[in-house]
There are 2 protein chains.
Amino acid sequence: MKMSTRARYGVRLMFELGLRYGGKPMFLKDIARNEELSEKYLSQLVMPLKASGLVNSVRGAQGGYLLARPPEQITVKDIVEILEGDLAPSDCSKDNSLCARSSYCITRGVWEKLEKSISKTLKSITLNDLVSKFKKEKINRGGK
Amino acid sequence: MKMSTRARYGVRLMFELGLRYGGKPMFLKDIARNEELSEKYLSQLVMPLKASGLVNSVRGAQGGYLLARPPEQITVKDIVEILEGDLAPSDCSKDNSLCARSSYCITRGVWEKLEKSISKTLKSITLNDLVSKFKKEKINRGGK
DNA sequence: AGTATTACTATCATTATAGTAGTAATAATA
DNA sequence: TATTATTACTACTATAATGATAGTAATACT
């Protein structure tokens, strides 16, 4: 049940954009530096996020990326679903035709329950929650 | 966030043993036939389950496997943890030393929350729940 | 014109996964 | 005691997924 690095890095990328929300577009280079991640790899993650309408971009010099809507309107579930495909722990919970046993397979119900629980949890956390928490902890640490 | 087939098959294997609970040991061959899974592959899954004390075995002819304790005392979490390693969506949520950023990484809290939610859900489902559900549905289907 | 950035595509190395195969040990039973 | 049915154990392999790198094209600011 590991979350892919795609999804984990994607959340960190979006968190950075959340921190900057309201300001100028942010360079991928700066996100990569702040989060200590590969810029090239992030550039692959930001593409689907843009295609899904979570992020806008500005090309050319002084370009960059920015959130397409306020951080309180973006949940971790939104991000993870884009980068992870979907949240179902087993494909059978979505598509009956994948398995001939689906009509009477009892364990299927387990994965359906689990998916609902994962979905609910990730939906309950917004980017703004992360940003607020970070700012609060920064003050406690004595940050500027 | 896919559950491995190891864990999924393991739950089905344990479900079969749950159905048989109270009776004689069950052959892997029969479990494999009932669940339409490879017997050889199941033999790899049942070993850790035995090592963890969830299952007992009887060697030799007329041997087989049986639950080590009543199905209402075995949760899906027990099974998945054994076959999946652990439930953490990210390794960093368990071990600080894995990532130099752990002390101030905000997204880490997300994975901790998610792990708790997954853990709680899987813990809430016992083998007996699955067995009872199966028997109930069988009656509704007009099974013997 | 030059430079800094996003956009896109291809490739690759590593690891994890799922599954197969074969042999050894054990114990019931004929 | 020989046979047979089963668990126990170990090794191997093919495939797919993942994480990551590299290079080039397009765009737009200065």
Side-chain angles (χ1 to χ4, degrees), chain A residues 1-13 16-17 20 24-33 35-52 54-68 80 83-86 89-92 98-99, chain B residues 1-13 16-17 20 24-33 35-52 54-68 80 83-86 89-92 98-99:
Chain A
M1 284 301 276
K2 287 285 172 284
M3 184 68 66
S4 68
T5 46
R6 279 173 65 86
R8 286 185 291 115
Y9 290 7
V11 173
R12 287 163 67 180
L13 186 164
E16 289 288 330
L17 293 183
R20 174 76 73 105
K24 285 189 298 186
M26 190 172 187
F27 305 147
L28 222 41
K29 199 203 308 178
D30 291 333
I31 298 175
R33 181 164 25 76
E35 294 289 330
E36 299 171 78
L37 299 172
S38 145
E39 179 184 348
K40 280 289 186 185
Y41 194 40
L42 286 183
S43 79
Q44 280 180 50
L45 306 185
V46 80
M47 276 188 285
L49 293 170
K50 191 195 166 188
S52 304
L54 250 48
V55 161
N56 288 330
S57 68
V58 179
R59 289 180 78 147
Q62 306 310 314
Y65 294 95
L66 60 171
L67 294 185
V80 169
L83 295 171
E84 190 86 358
D86 83 71
S90 172
D91 289 330
C92 70
L98 284 174
C99 173
Chain B
M1 284 301 276
K2 286 287 172 283
M3 184 67 68
S4 68
T5 47
R6 279 174 66 86
R8 284 185 290 115
Y9 290 6
V11 172
R12 287 164 66 180
L13 185 164
E16 289 287 331
L17 293 183
R20 175 75 72 105
K24 287 189 295 187
M26 189 171 188
F27 305 146
L28 223 41
K29 198 204 307 179
D30 291 334
I31 298 175
R33 180 162 27 74
E35 293 289 332
E36 300 171 80
L37 299 172
S38 147
E39 180 185 346
K40 280 289 187 186
Y41 194 40
L42 286 183
S43 80
Q44 282 182 48
L45 307 185
V46 82
M47 277 189 284
L49 293 170
K50 192 196 165 188
S52 304
L54 250 49
V55 161
N56 289 330
S57 68
V58 179
R59 288 178 78 146
Q62 306 311 312
Y65 294 94
L66 61 171
L67 294 186
V80 169
L83 295 171
E84 188 87 359
D86 82 69
S90 172
D91 290 327
C92 71
L98 283 174
C99 174

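Residue numbers start from 1 in every chain, and the chains themselves are labelled A, B, ... in the order their sequence lines are given, proteins ahead of strands. FYI, side chains are in, hydrogens and waters are out, and symmetry mates aren't considered; it's all heavy atoms of this structure.
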Subject >> With B:E35 via salt bridge (charged side-chain N to carboxylate O under 4.0 Å, His left out) - residues at least two apart >> reply: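 B:E35 satisfies salt bridge (charged side-chain N to carboxylate O under 4.0 Å, His left out) with A:R101, B:R12 once adjacent residues are dropped.
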**OP:** Not counting sequence neighbours, which residues clear salt bridge (charged side-chain N to carboxylate O under 4.0 Å, His left out) with B:R8? List them please.
**Re:**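 Salt bridge (charged side-chain N to carboxylate O under 4.0 Å, His left out) list for B:R8, sorted by chain: empty.
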Separation of atom [atom1] in [X] from atom [atom2] in [N], rounded to whole Å:
{"X": "A:L37", "N": "D:dA20", "atom1": "CG", "atom2": "C1'", "value": "12 Å"}
{"X": "B:M47", "N": "D:dT6", "atom1": "CE", "atom2": "P", "value": "18 Å"}
{"X": "A:K50", "N": "C:dC8", "atom1": "NZ", "atom2": "C1'", "value": "12 Å"}
{"X": "B:Y9", "N": "C:dA18", "atom1": "OH", "atom2": "C1'", "value": "8 Å"}
{"X": "B:K24", "N": "D:dA5", "atom1": "NZ", "atom2": "C1'", "value": "14 Å"}
{"X": "A:M1", "N": "D:dT18", "atom1": "CE", "atom2": "C1'", "value": "17 Å"}

Original post:
If you check the A:S57 side chain, which of D:dT7, C:dT6, D:dG19 turns out closest?
Top reply: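 Selected nucleotide (nearest to the side chain): C:dT6.
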Original post:
Quick one: does A:E84's side chain have a donor or acceptor within less than 3.5 Å of a partner on A:M3's backbone?
Top reply: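 Such a contact is absent between A:E84 side chain and A:M3 backbone.
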**OP:** Give the B/S/- string for nucleotides 22-30 of chain D, one per nucleotide from 5' to 3', where a protein heavy atom under 4.0 Å of the base yields B, of only the sugar-phosphate yields S, and otherwise -.
**Re:** BBB-BBBS-
**OP:** With sequence neighbours excluded, give me every side-chain hydrogen bond (donor to acceptor under 3.5 Å, both in side chains) pair touching residues 24-33 of chain A.
**Re:**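 For residues 24-33 of chain A: A:D30-A:R33.
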Identify every side-chain donor-acceptor pair in residues 43-51 of chain A under 3.5 Å, counting partners at least two apart or on other chains, and give the distances.
residue, atom, partner, partner atom, Å
A:S43, OG, A:K40, O, 2.7
A:K50, NZ, A:S57, OG, 3.0

Original post:
Has B:Y65 got a side-chain N or O lying under 4.0 Å from the OP1 or OP2 atom of D:dA8?
Top reply: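 So the side chain of B:Y65 is within the cut-off, an N or O lying under 4.0 Å from OP1 or OP2 of D:dA8.
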Original post:
Between D:dG19 and A:T5, is there an OP1 or OP2 to side-chain N/O distance shorter than 4.0 Å?
Top reply: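 Affirmative; the distance criterion is met.
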**OP:** Return the 5'-most residue of the pair B:E84, B:S38 with respect to DNA chain C, ranking by each residue's nearest nucleotide.
**Re:**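 Upstream on the strand: B:E84.
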Original post:
More 5' along DNA chain D: A:Y41 or B:K29, using each one's nearest nucleotide?
Top reply: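 Its nucleotide being nearer the 5' end, the pick is B:K29.
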Subject >> Evaluation steps, side-chain contact (heavy atoms from CB on, under 4.5 Å), between A:L13 and A:Y65 >> reply: CA-CA 10 Å; A:L13 186 164; A:Y65 294 95; over 6 Å; no
Original post:
For B:F27, which residues count as a ring pair (Phe, Tyr, Trp, His ring centres under 6.0 Å) partner, sequence neighbours excluded?
Top reply: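 B:F27: no ring pair (Phe, Tyr, Trp, His ring centres under 6.0 Å) contacts found.
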